[in-house]
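Quick notes on the structure that follows.
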Amino acid sequence: MTASPAPSDASAYKDTLNLLETPFNMRANAKVREPELQAFWAEQQIYEQLSREGLSPERPGPVFTLHDGPPYANGALHVGHALNKILKDIINKHALLSGKRARFVPGWDCHGLPIELKVLQGLSSSERAALTPVSLRQKAHAYALEQVELQKSGFRRWGIWADWDQPYLTLQKSYESAQIGVFGAMVLAGHIYRGLKPVHWSPSSRTALAEAELEYPDGHSSPSIYAAFPAVQLPEALATKLAAAGLNAEAATASGGLAVAIWTTTPWTLPANLAVSVNGRLDYSVCAVTCRGETPAPAASHLLVAAELRDSLETSLGLQLTPLLTVKGAELEGIVYRHPLLERTSPVVIGGDYITTEAGTGLVHTAPGHGVDDFNTGRKYNLPVLCPVDEAGNLTAEAGPFAGTNVLKDANPTIIAALEGTGLLLKQERYEHRYPYDWRTKKPTIFRATEQWFASVEGFRDQALAAIASVTWLPESGRNRIEAMVRDRGDWCISRQRTWGVPIPVFYHRETGEVLLNADTLAHIQTLIGEQGSDVWWQRDEADLLPPAYADQASQWRKGSDTMDVWFDSGSSWAGVLGGLRGGITPAGPAVGDGALTNPEHGAAAAAPPQATPLNFPADLYLEGSDQHRGWFQSSLLTSVAVNGHAPYKRVLTHGFALDEKGRKMSKSLGNVVDPAVLVEGGKNEKQEPPYGADVLRLWVSSVDYSADVPLGPGIVKQLADVYRKVRNTARYLLGNLHDFDPRPQTEGGNAIAIEDLPLLDRWMLQRTAALIDAVSADFERFEFYRFFQALQNFCVVDLSNFYLDIAKDRLYVSAANSFRRRSCQTVLSLVVERLAVLIAPVLCHMAEDIWQNLPYPVAEKSVFERGWPKTEADWKTTPLNLNQASLEDPEMQEIISSFLNCDQLDDEGPIGEIKGLRRLVNRQLEICRSKSIIGSSLEAHLHLDLSEGNVSQGLRQVLGLIKESTQLEVDNLKDWLLVSSLSLAFEGNANPAPDADANADTNADTNANADTNANADTKQLLIPPSTELGITIGIAKAAGQKCERCWHYETDIGDHAAHPTLCGRCVAVLAQNPPK
RNA sequence: GGGGGCUUAGCUAUCUGGUGAAAGCACCCGACUCAUAAUCGGAGUCAGGCGGGUUCGAUUCCCGCAGCCCCCA
């Protein structure tokens, strides 16, 4: 052995250490790096290849279809979009890594009122006047495409993988055509009908609205009135009872006699009143009216009210109500009353349980044209659907003297005034309640009976409920939610009086109004739209829209002007995208030139990329916010059940809403909005709003339990950025210590140590990694990504950084470059980093790829995503341990070995967990010394452990026995694991002070580290009083000898080597192998 | 107004009818200066939104209230 010359400067020994070396930066520089990585994926066609071939082209994996619910093509992306699309992407990327062909076709919902209004708002009044339906539609089309591109670029920046060049848009010809196909199939199945029905109507936008288009702002108040409707006729039985109670029929029905008291918050509906409804099961009282205080006498001597409400009505009406007779509501049927304002009479009828005693009088003013309950009740009694209100909300001639007034303006006061004039107004007051507003114009809506097209849910409700039962709902509560909705919902109004949408392809006879809608016309229009797009409906006249067979009668027909509810658009995506339409009416052929999406199963592959993976129908998964139980989940279900008889999806996963850190909704007024674009790319002031990158946004999505609402705010983002950096630094450390490592086995000329030759410590690390793989695999399978997030953090922080890597520093830096002690550790680092990269890839896709691209040795896969999901290696857990032969045969030791090998759960560390516990105790003592400035680094300490007391935990004693038996003491060495320079250990039954676990491991592998020769251990002076905890007595002494300049350990042989007077024997030996340059 | 959901340390998350439930991060203190805009160590914090009930005993079961969120009318 030849000693190398000593470096001139002592600190130059630093250069003889094997320190970190990697271009993988500590800081992500995400703003630049993430787009580079995305470009790499694009160039290498990683997504395209994996989604079409799976991991192996020879054996393509199963198709997995997560069908994208189309966001509305309007407005900037918000964190809700991020939550939704990133969740989908995490699932898809995990599927791709698992070998599935997860092709993701993104979609956009492009029709509808908001876009139409947006376009209209951008026009001057003269432009607006000159607008034709076709030109409006062209502008809306262009606007939607613009918005799609904006949103698309945002999604791509988040690292979402999808067929971005072949998305589906509900305005595409092929999509529209498929949608007509769905509509047609429903028509032919008898599920579509036309009828007069009260629907939510917005006078401000002159259209019917879907429930989804309504909002209920706070602070709405309506003018509520109590009114008396004079009875003019009584049923026989009631008249008899009344007479017995002292009120004869003649008096009751005379002017100023008995009246029924009603309450309404919509006085403007009074002209449409055709009945008063009562609840047959409630009690009602005929009461004599006496004036009280200043309240003027009403034009009725007796009032009929719900018995339960009599008290409260006395107060609110300011009248004394003396009950004469109380009867069930059912007995009131047959009363006829006179309309208080118009010349007609109407009946009292039995309504339903919607009539309660919570407010009002228990008798409900019923206008079948202006309320759903009213309509249903009216239908039972064959009442006409009277609707004296036009589309602008103006009362028509049918409203008699009130014609011309507007329901949102002067109709109420006018009618109230008229009522007051008759003496039949009992009371008026403002009433605050939630009231539906047009979501777009923010103006109140009304119920108004109009001619509409409906899908008769009644016709397939049972099938729909059966379909719901066959779907897996995650979380399970989603099932009850949608089931209740479908069970109770009424028919679906699918028509809209708007221009920007897919037309309802129907013709009306110009004279008779007869409807023309059959297989012929449907197929013809479907083909036309498939070729020309739905503009054709407005561009052509009837002669060119009707099938040839109707050519000679074209002039008799008028095309309809209604468009479809946008929920019907998106609800048809299973047909437009997944090709789920079978049977008579099918989607039209390929559309050219609009990026149309097609399905190979229907022979329409022209616009699709070559070898496009088919999509599954029903889809494997739908994943949207929980509000879509009423929206897309339901509209998709209803159309699919109506046409196919089954649901369009196998599983439905829902997520909550993104709220701020206090759990409140994000809003501009609260100033708590997190803009995902700012989070990713940084704000105007990058110091205040740094560019965190897409991975941090993605990490957020993974970190929260999305089955409930999820919080997000600046504080949370900062924490996530810290976690991101911790993971990144851990990966960087792994990469940086592999710069001279060849992962091939030593037998093939590489540096990797065989698993069966690894020391205990390394075997434990592999076990932990295996446990992580198992746990995280299950987390992804169950879509419980927050568990992955927690496990990842704990793995990086606790297992790696705090324990394994902390101990590894000495092995990696100090030991000779090619020593077993170092190569064994590198073997583990290499195995861990490659698996860690894959495990984080679904979530931290950019970091994972960055790690992969910075692996310092060649790997077979050009992208981390080609590696495939890691499997737990069996031999990481089961390979025999490297222990002395004698101990392997000892039955007691065999038990310990098996307890080591069998700890395969993440929360079960097995015997090594005991060491961590010991470390905590030791660290506590070291910290006491540190706080007294007695020592700094733990290497300045000599540790005296006395376990001879007897109540030391069995586990600790076992694991110490295990270490003692290791044949690789240069690694499995307690003093190294506890990061002290020397150690003496007294065991139970071992009166002699034990062994100072000694160094020189590199050169003296056969030294029994626990066989002490240092009889002075006991006499070393303790720096602080020894502490005893859990039976373990810990004493801290100053380590003997001097600090080695190179490895910083305190050793007694410093100065023994003339060439390196400041080094310990171990370092001298290392330098002999690796001479300094 | 009706239905559903949530409420555990500053943040995210876990757990449980019964001794101190509780991890990681953040914060505070300290060490190192060979992961250095890094790394290591130590310490503290709530008796689990509020009120009531069931029970020998509840954070965990039930009811009510409040706040927040979603859906419906």
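Below, chains carry the letters A, B, ... as their sequence lines are ordered, and counting in each starts from 1.
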Within this structure, what is the [atom1]-to-[atom2] distance between [X] and [N], rounded to whole angstrom?
{"X": "A:M26", "N": "B:U39", "atom1": "CE", "atom2": "C1'", "result": "10 Å"}
{"X": "A:L474", "N": "B:G5", "atom1": "CG", "atom2": "P", "result": "17 Å"}
{"X": "A:E1029", "N": "B:G20", "atom1": "CD", "atom2": "C1'", "result": "14 Å"}
{"X": "A:E940", "N": "B:G30", "atom1": "CD", "atom2": "C1'", "result": "14 Å"}
{"X": "A:D627", "N": "B:C70", "atom1": "CG", "atom2": "P", "result": "9 Å"}
{"X": "A:L943", "N": "B:G41", "atom1": "CG", "atom2": "C1'", "result": "15 Å"}
{"X": "A:L17", "N": "B:U33", "atom1": "CG", "atom2": "P", "result": "13 Å"}
{"X": "A:I716", "N": "B:G10", "atom1": "CD1", "atom2": "C1'", "result": "11 Å"}

Inset, instruction - Would you mind reporting whether A:D976 and A:R821 have side-chain heavy atoms less than 4.5 Å apart? - result: yes
Legend entry - Base versus backbone protein contacts along nucleotides 22-28 of chain B [heavy-atom cut-off under 4.0 Å; B, S, -]: -BSBS--
Legend entry - Given B:C71, B:U36, B:C11, the nucleotide with the shortest approach to the side chain of A:R630: B:C71
Inset, instruction - Choose from B:A35, B:U14, B:C71 the nucleotide whose nearest atom is closest to any side-chain atom of A:Y786. - result: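 Closest nucleotide among those given: B:U14.
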When you measure from the side-chain N and O atoms of [X] to the phosphate of [N], is any distance below 4.0 Å, counting only OP1 and OP2?
{"X": "A:R732", "N": "B:U39", "result": "no"}
{"X": "A:K665", "N": "B:C70", "result": "yes"}
{"X": "A:S801", "N": "B:A35", "result": "no"}
{"X": "A:R787", "N": "B:A13", "result": "no"}

Inset, instruction - For the pair A:H629 and A:W473, name the ring-plane relationship: parallel under 30°, tilted 30 to 60°, perpendicular over 60°. - result: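 Geometry flag for A:W473 against A:H629: tilted rings.
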Classify [X] by what it touches in the nucleic acid, base, sugar-phosphate, or nothing, heavy-atom distance under 4.0 Å.
{"X": "A:G936", "result": "sugar-phosphate"}
{"X": "A:Y813", "result": "base"}
{"X": "A:Y733", "result": "base"}
{"X": "A:N480", "result": "nothing"}
{"X": "A:R27", "result": "base"}
{"X": "A:K1043", "result": "sugar-phosphate"}
{"X": "A:C796", "result": "nothing"}

Inset, instruction - May I ask which nucleotide in the shown strands pairs with B:C50, Watson-Crick or G-U wobble, both distances under 3.5 Å? - result: B:G64
Inset, instruction - Please list, by residue number, the residues of residues 923-933 of chain A whose heavy atoms come closer than 4.0 Å to an atom of RNA chain B; answer none if no residue qualifies. - result: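 A:N923, A:R924, A:E927, A:R930, in order of number.
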I'd like the [atom1] distance from [M] over to [N], given in whole Å.
{"N": "B:G64", "M": "B:A73", "atom1": "C1'", "answer": "25 Å"}
{"N": "B:G18", "M": "B:A47", "atom1": "C1'", "answer": "15 Å"}
{"N": "B:C68", "M": "B:C29", "atom1": "P", "answer": "37 Å"}
{"N": "B:A22", "M": "B:C69", "atom1": "C1'", "answer": "27 Å"}

Inset, instruction - Between A:R725 and A:S938, name the one whose nearest nucleotide on RNA chain B is closer to the 5' end. - result: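 The answer here is A:S938.
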Inset, instruction - With RNA chain B as reference, determine whether A:L659 or A:S707 sits nearer its 5' end, using the nearest nucleotide of each. - result: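 Mapping each residue to its closest nucleotide by heavy atoms, the 5'-most match is A:S707.
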Least distance between heavy atoms, [X] atom then [Y] atom:
{"X": "A:N854", "Y": "A:P23", "result": "OD1-CG, 3.4 Å"}
{"X": "A:Y706", "Y": "A:F783", "result": "OH-O, 2.7 Å"}
{"X": "A:L939", "Y": "A:V980", "result": "CD2-C, 3.9 Å"}

Legend entry - By side chain to side chain donor-acceptor pair (under 3.5 Å) - contacts of A:H370 (at least two apart):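 Counting only residues at least two positions away or on another chain, A:H370 forms no side chain to side chain donor-acceptor pair (under 3.5 Å).
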Inset, instruction - Identify, with sequence neighbours excluded, every residue that meets salt bridge (charged side-chain N to carboxylate O under 4.0 Å, His left out) alongside A:R27. - result: none
Legend entry - Any pair counted as side-chain hydrogen bond (donor to acceptor under 3.5 Å, both in side chains), so long as it reaches residues 782-796 of chain A, sequence neighbours left out: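 As it turns out, the side-chain hydrogen bond (donor to acceptor under 3.5 Å, both in side chains) pairs with a partner in residues 782-796 of chain A, which skip direct neighbours, are A:R782-A:E784, A:E784-A:R787.
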Legend entry - Cation-pi, A:F657 ring and A:K665 (6.0 angstrom, 45 degrees): no
Inset, instruction - Go through the structure and list residues passing side-chain contact (heavy atoms from CB on, under 4.5 Å) with A:A28, not counting sequence neighbours. - result: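 Residues passing side-chain contact (heavy atoms from CB on, under 4.5 Å) with A:A28: A:A30, A:Y724, A:R728.
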Inset, instruction - Before giving the answer on side chain to side chain contact (heavy atoms under 4.5 Å, CB included), spell out for A:K1038 and A:E940 the whole-Å C-alpha distance, their side-chain angles and the decisive distance to 0.1 Å. - result: CA-CA 6 Å; A:K1038 198 86 180 165; A:E940 292 173 33; 3.7 Å; yes
